[in-house]
Amino acid sequence: MDRFLNKFENQFRAGFLSDLEQTLSKVQDEKVYACAFGTDSDWVTLFLAVNTEESLAGHISSMNEQELCDSEQDEIYYRWCCSEYQYGEDTHFNHISRLLYATEDVQKYKDEIIRIIAKVVNETADDVFARYGQTKADITFFVSLTDDDLAEEIENQSVHHMTLLSLASKFLKRYDGIN
């Protein structure tokens, strides 16, 4: 177990900063509000997904035109569903996904994987974000599952570990009052 987790941390640390900077360079004239780490229910893939207020507004407008966004619940979905995010398609952490896929019962390590992701995010210096016109403290970071009913539980668990309390509290209330 320790060998796998050490290897995962080393590979994630090596890949995260370059993938993050590549993505932030594309959106430096926009306001990043979310950075998600997507995986599947088997925990054998990992990808970075980032969204901005501007890309969200454009996406909601497009969905409105197609009559696919006609409620507050739809807007909340587009804001927080990482598979709807507009940036990060080039950042699939392929080397990490190969490691995850090759590890037997990798999902049993999910809590440790989340802890490692949070540790690396928390250790990433604020000036990395500032170089691209962003403020780390304004970004909600979380892990999500793209194909599982447990996604909300994982998102809620993970946001606490890598997001400022004020943003995490708002994130946790994202579905309150929605029928």
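Just so you know, these numbers use all the heavy atoms, side chains as well, and skip hydrogens, waters and symmetry mates.
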**Student:** Holding to side chain to side chain donor-acceptor pair (under 3.5 Å), I want the full list of residues that pass it with Glu30, two or more places apart in sequence or in another chain.
**Tutor:**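 Partners of Glu30 under the side chain to side chain donor-acceptor pair (under 3.5 Å) test: Thr52, Tyr87.
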**Student:** Going by heavy atoms in the side chains, are Glu155 and Arg174 under 4.5 Å from each other?
**Tutor:**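 Yes, at least one pair of side-chain atoms sits under 4.5 Å.
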**Student:** Look up atom OG in Ser144 and atom OH in Tyr85, then write down how far apart they are to the nearest 0.5 Å.
**Tutor:**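 So the OG of Ser144 and the OH of Tyr85 are separated by 8.0 Å.
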**Student:** Do Val27 and Tyr132 make a side-chain contact, defined as non-hydrogen atoms from C-beta onward lying under 4.5 Å apart?
**Tutor:**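 A side-chain contact under 4.5 Å is absent here.
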**Student:** Distance under 6.0 Å and angle within 45° of the ring axis: does Arg98 meet both against Tyr101?
**Tutor:**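 No, cation not above the ring by the 6.0 Å, 45° rule.
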**Student:** Atom CD of Glu75 and atom CE of Met63: how far apart are they, to the nearest 0.5 Å?
**Tutor:**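 Rounded to the nearest 0.5 Å, the CD-CE separation comes to 12.5 Å.
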**Student:** For Phe93 and Phe12, I'd like to know if the aromatic rings sit close, meaning centre-to-centre distance below 6.0 Å.
**Tutor:**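 Centroid distance Phe93-Phe12: below 6.0 Å, so yes.
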**Student:** Do you reckon Leu164 sits in the same ILVMFWY cluster as Ile114, going by side-chain contacts under 4.5 Å, direct or chained?
**Tutor:**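 Leu164 does not cluster with Ile114.
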**Student:** Counting distance only, does the side-chain N/O of Thr39 pair as donor-acceptor with the main-chain N or O of Thr45 below 3.5 Å?
**Tutor:**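 Such a contact is found between Thr39 side chain and Thr45 backbone.
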**Student:** Looking at Glu123, I want to see if its CD is surrounded by more than 12 non-hydrogen atoms of other residues, nucleotides or ligands under 6.0 Å.
**Tutor:**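 Result for CD/Glu123: enclosed.
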**Student:** When rounded to the nearest 0.5 angstrom, what is the spacing between CZ in Phe142 and CE in Met162?
**Tutor:**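 Rounded to the nearest 0.5 Å, the CZ-CE separation comes to 9.5 Å.
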**Student:** Determine, stepwise, if the pair Asp19 / Gln22 fulfils side chain to side chain contact (heavy atoms under 4.5 Å, CB included).
**Tutor:** CA-CA 5 Å; Asp19 284 0; Gln22 176 185 341; 4.2 Å; yes
**Student:** With the side chain counted from C-beta on, respond yes when Arg13 and Leu17 share a heavy-atom pair under 4.5 Å apart, and no when they do not.
**Tutor:**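 No. Closest side-chain heavy atoms not under 4.5 Å.
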**Student:** Could you give the distance from CG (Asn156) to CG (Leu172), rounded to the nearest 0.5 Å?
**Tutor:**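 Output value for this atom pair is 5.0 Å.
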**Student:** Scan residues 146-170 for pairs that pass ring pair (Phe, Tyr, Trp, His ring centres under 6.0 Å), counting only residues two or more places apart or in two chains.
**Tutor:**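 Every candidate ring pair (Phe, Tyr, Trp, His ring centres under 6.0 Å) pair involving residues 146-170 fails, so no pair, neighbours aside, qualifies.
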**Student:** If the test is side-chain contact (heavy atoms from CB on, under 4.5 Å), which one of Asp111, Leu145, Val159 qualifies with Ile154?
**Tutor:**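 It is Leu145; the other options fail the test.
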**Student:** Are Leu24 and Leu20 close enough that some pair of their side-chain heavy atoms sits under 4.5 Å apart?
**Tutor:**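 In contact.
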**Student:** Could you tell me whether a side-chain N or O of Gln28 sits under 3.5 Å from a main-chain N or O of Lys26, the two making a donor and an acceptor?
**Tutor:**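 The answer is no, because no donor-acceptor pair under 3.5 Å joins these two groups.
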**Student:** For Tyr109 and Phe4, what are the C-alpha separation, side-chain angles and deciding distance, and is it a side chain to side chain contact (heavy atoms under 4.5 Å, CB included)?
**Tutor:** CA-CA 9 Å; Tyr109 301 115; Phe4 162 73; 3.6 Å; yes
**Student:** Within the structure provided, determine whether Glu9 and Lys119 are in side-chain contact (heavy-atom separation under 4.5 Å).
**Tutor:**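 Answer yes - side chains close enough.
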**Student:** In Å, rounded to the nearest 0.5 Å, how long is the span from CD of Gln73 to CD1 of Ile76?
**Tutor:**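 Between Gln73 CD and Ile76 CD1, I get 7.5 Å after rounding to 0.5 Å.
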**Student:** Would you find a donor on one side and an acceptor on the other, under 3.5 Å apart, between the side chain of Ser55 and the backbone of Asn51?
**Tutor:**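 Pair absent, no side-chain N/O of Ser55 close to backbone of Asn51.
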**Student:** Hey, does Thr124 have a side-chain heavy atom less than 4.5 Å from the side chain of Phe129?
**Tutor:**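 Yes, side chains in contact.
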**Student:** For Ser41, is there any backbone N or O sitting under 3.5 Å from a side-chain donor or acceptor partner on Lys110?
**Tutor:**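 A pair under 3.5 Å: no.
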**Student:** Under 6.0 Å between the ring centres of Trp80 and Phe171?
**Tutor:**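 Close enough - the centres of the two rings lie under 6.0 Å apart.
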**Student:** Which atom pair, heavy atoms only, marks the closest approach of Cys82 to Ala49?
**Tutor:**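 Taking every non-hydrogen atom into account, O-CB, 3.8 Å.
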**Student:** Measure the shortest side-chain to side-chain distance between Asp70 and Asn64 over non-hydrogen atoms and say whether it is less than 4.5 angstrom.
**Tutor:**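 A side-chain contact is absent here, since even the closest heavy-atom pair is not under 4.5 Å.
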**Student:** State which residues pass side chain to side chain donor-acceptor pair (under 3.5 Å) with Glu53; sequence neighbours excluded, sorted by chain then number.
**Tutor:**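 If we apply the side chain to side chain donor-acceptor pair (under 3.5 Å) test to Glu53, skipping adjacent residues, the hits are Arg79.
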**Student:** What about Leu167 and Val143, same hydrophobic cluster or not, with Ile/Leu/Val/Met/Phe/Trp/Tyr joined at side-chain heavy-atom distances under 4.5 Å?
**Tutor:**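 Looking at the clustering, Val143 is in a separate group from Leu167.
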**Student:** Can you confirm whether Asp127 is buried at CG, in the sense that more than 12 heavy atoms of other residues, nucleotides or ligands lie under 6.0 Å from that atom?
**Tutor:**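 Yes, because the 6.0 Å sphere around CG of Asp127 holds more than 12 heavy atoms from other groups.
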**Student:** Would a distance-only check, ignoring hydrogens and angles, find a side-chain to backbone donor-acceptor pair under 3.5 Å from His95 to Gln11?
**Tutor:**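 Side chain of His95 to backbone of Gln11, a donor-acceptor pair under 3.5 Å: yes, one is there.
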**Student:** Among Phe141, Phe8, Phe16, find the residue that satisfies the side-chain contact (heavy atoms from CB on, under 4.5 Å) test when tested with Ile117.
**Tutor:**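 When Phe141, Phe8, Phe16 are each tested with Ile117, the side-chain contact (heavy atoms from CB on, under 4.5 Å) holds only for Phe8.
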**Student:** Does Ile139 reach the side chain of Tyr33, with side-chain heavy atoms less than 4.5 Å apart?
**Tutor:**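 Not in contact.
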**Student:** Taking Val44's backbone N and O only, do any of them form a donor-acceptor pair with Asp42's side chain (distance below 3.5 Å, no angle check)?
**Tutor:**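 Absent.
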**Student:** What pair of heavy atoms forms the shortest contact from Asp29 to Glu54, and how long is it?
**Tutor:**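 Heavy atoms only, the tightest pair is O-OE2, 4.5 Å.
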**Student:** Check whether any side-chain N or O of Thr103 sits under 3.5 Å from a backbone N or O of Leu99 as a donor-acceptor pair, and report yes or no.
**Tutor:**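 Side chain of Thr103 to backbone of Leu99: a pair is present.
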**Student:** Looking only at atom types and distance, does a side-chain atom of Thr135 sit under 3.5 Å from a main-chain N or O of Asp138, one as donor and one as acceptor?
**Tutor:**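 No.
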**Student:** What's the shortest heavy-atom distance between Cys35 and Val50, and which atoms?
**Tutor:**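 The pair with the smallest heavy-atom distance is SG-CG2, 4.1 Å.
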**Student:** After noting the C-alpha distance and the side-chain angles of Glu21 and Ser25, does the key distance pass the side-chain hydrogen bond (donor to acceptor under 3.5 Å, both in side chains) rule?
**Tutor:** CA-CA 6 Å; Glu21 289 195 86; Ser25 71; over 6 Å; no
